[in-house]
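Worksheet: one structure, shown below.
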Amino acid sequence: NGGGSAASEGKKDDKKIVIGFSQIGAESGWRTAETKSIKEMGKNDPEIELKFSDAQQKQSNQIKAIRSFIAQKVDVIALAPVVETGWEKVLREAKRAKIPVVLLDRRIKVDDDSLYTTFIGSDFIEEGKNAAKYLANLIGPDKKVNIVELQGTVGASAMIERQKGFAEQLKKYPGYKIKKSETADFTRSKGKEVMEAFLKADGKNIDAVFAHNDDMAMGAIQAIEEYGLKSGKDIKIVSVDGIKDAFQAIKDGKSNITVECNPLLGPQLAQVAKELRDGKKVDKWIKSKEDVYEGQKAIDALPDRKY
Ligand code: GYE
């Protein structure tokens, strides 16, 4: 089994840890950055072998991928679950095969928490709250503000919890009202489409947009400009993720706030996989450290953004 010779040889004689990763798709700049981070981990980490599967937004494809990973006897299954519910059956199969399941970036809802080992990702409630807090701070907490909301993928934990956190925080500002709230699937094109409809219905009375991700906000900005209003001024924009485009939009005066959500989870996934191999106990939630950016702080940070 490799013998215990030179320490400098490290683990190279050992068997690699095989990780099967079921990715959601490629709906946003955020997700593209996550995929890149995971693939780089698979390429650069000598202890890891990565099997990558793209589900094209379909839970049924993810379930198929998980079953195939089980059949291939991978060491770890990593899952970015497109929606929260409906995972019990397949995760019980993984548990029976004694393959640990690591949730990446989105959560699941299951009665039995032992069906997954850990969740690596963000606090979406906190992100929603921060979006509301910073918006109120920007416009003034005592103002009357009509908000339209662009939701992420229906049933996704990132959508459900951002919505919840935002609404909860808004209770502190009685003049702030969510006038319309619709899904735009976390994509730029849908963000534009839904915003166009909002503007057409009542464009003169929209003061702010809360988008569950930056991509939808970028689409909304386009819609606002085409409608003839000034995005970032006539209509304030707050969104989540912290992709470079959002920083650029803030610099250009077209957006106002982006709440950071870290997609660069490859290194953390590798670390967890190694800890599991070594029989270590891992925390149930490995939480990302994140910030909020607006104004000069966003402009200063733009050159160093990694995604
Ligand atoms: O915010 C969004 C994406 O699951 C945290 O999914 C992720 C979200 C992210 O497509 O841009």
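Atoms within each ligand, like the ligands themselves, are counted from 1 in listed order.
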Which pairs of donor and acceptor atoms, one on a side chain in residues 202-210, lie under 3.5 Å apart (sequence neighbours left out)?
{"unit_1": "Asp202", "atom_1": "OD1", "unit_2": "Asn205", "atom_2": "ND2", "d": "2.9"}
{"unit_1": "Asp207", "atom_1": "OD2", "unit_2": "Asn146", "atom_2": "N", "d": "2.7"}

Please state which protein non-hydrogen atom is closest to atom 1 (O) of ligand 1 and give its distance, to 0.1 Å?
Asp241 OD1, 2.6 Å
To which of Arg106, His212, Met159 does the heavy atom nearest atom 6 (O) of ligand 1 belong?
Arg106
Cationic tip of Arg107 above Tyr116 ring, under 6.0 Å, 45° of axis
no
Cation over ring face, Arg67 and Phe69, 6.0 Å, 45°
no
Looking only at non-hydrogen atoms, which of Met216, Glu127, Arg162, Glu34 approaches atom 5 (C) of ligand 1 most closely?
Arg162
Using a 6.0 Å distance limit plus a 45 degree cone around the ring axis, check whether Lys297 lies over the aromatic ring of Tyr293.
yes
Less than 3.5 Å apart, any donor N or O on the side chain of Glu149 or His212 sitting next to an acceptor on the other?
yes
Checking the N or O distance criterion of under 3.5 Å, is ligand 1 in contact with Arg31?
yes
Distance under 4.0 Å to a non-hydrogen atom of Asn213: what atoms of ligand 1 satisfy this?
2 (C), 11 (O)
Find all atoms of ligand 1 within a distance of less than 4.0 Å from any non-hydrogen atom belonging to Ser28, and give their numbers and elements.
2 (C), 3 (C), 10 (O), 11 (O)
Relative to the heavy atoms of Glu27, which atoms of ligand 1 are at a distance of less than 4.0 Å?
3 (C), 6 (O), 10 (O)
Check: Ser122 main-chain N/O paired with Glu290 side-chain donor or acceptor under 3.5 Å
no
Val240 near ligand 1, heavy-atom distance under 4.0 Å?
no
Report the residues that fulfil side-chain contact (heavy atoms from CB on, under 4.5 Å) with Lys144, sequence neighbours left out, ordered by chain and then residue number.
none
I'd like to check which ligand 1 atoms, numbered from 1 as shown, lie under 4.0 Å from a non-hydrogen atom of Phe124.
5 (C)
Could you identify the single nearest non-hydrogen protein atom to atom 4 (O) of ligand 1 and state the distance to 0.1 Å?
Asp105 OD1, 2.5 Å
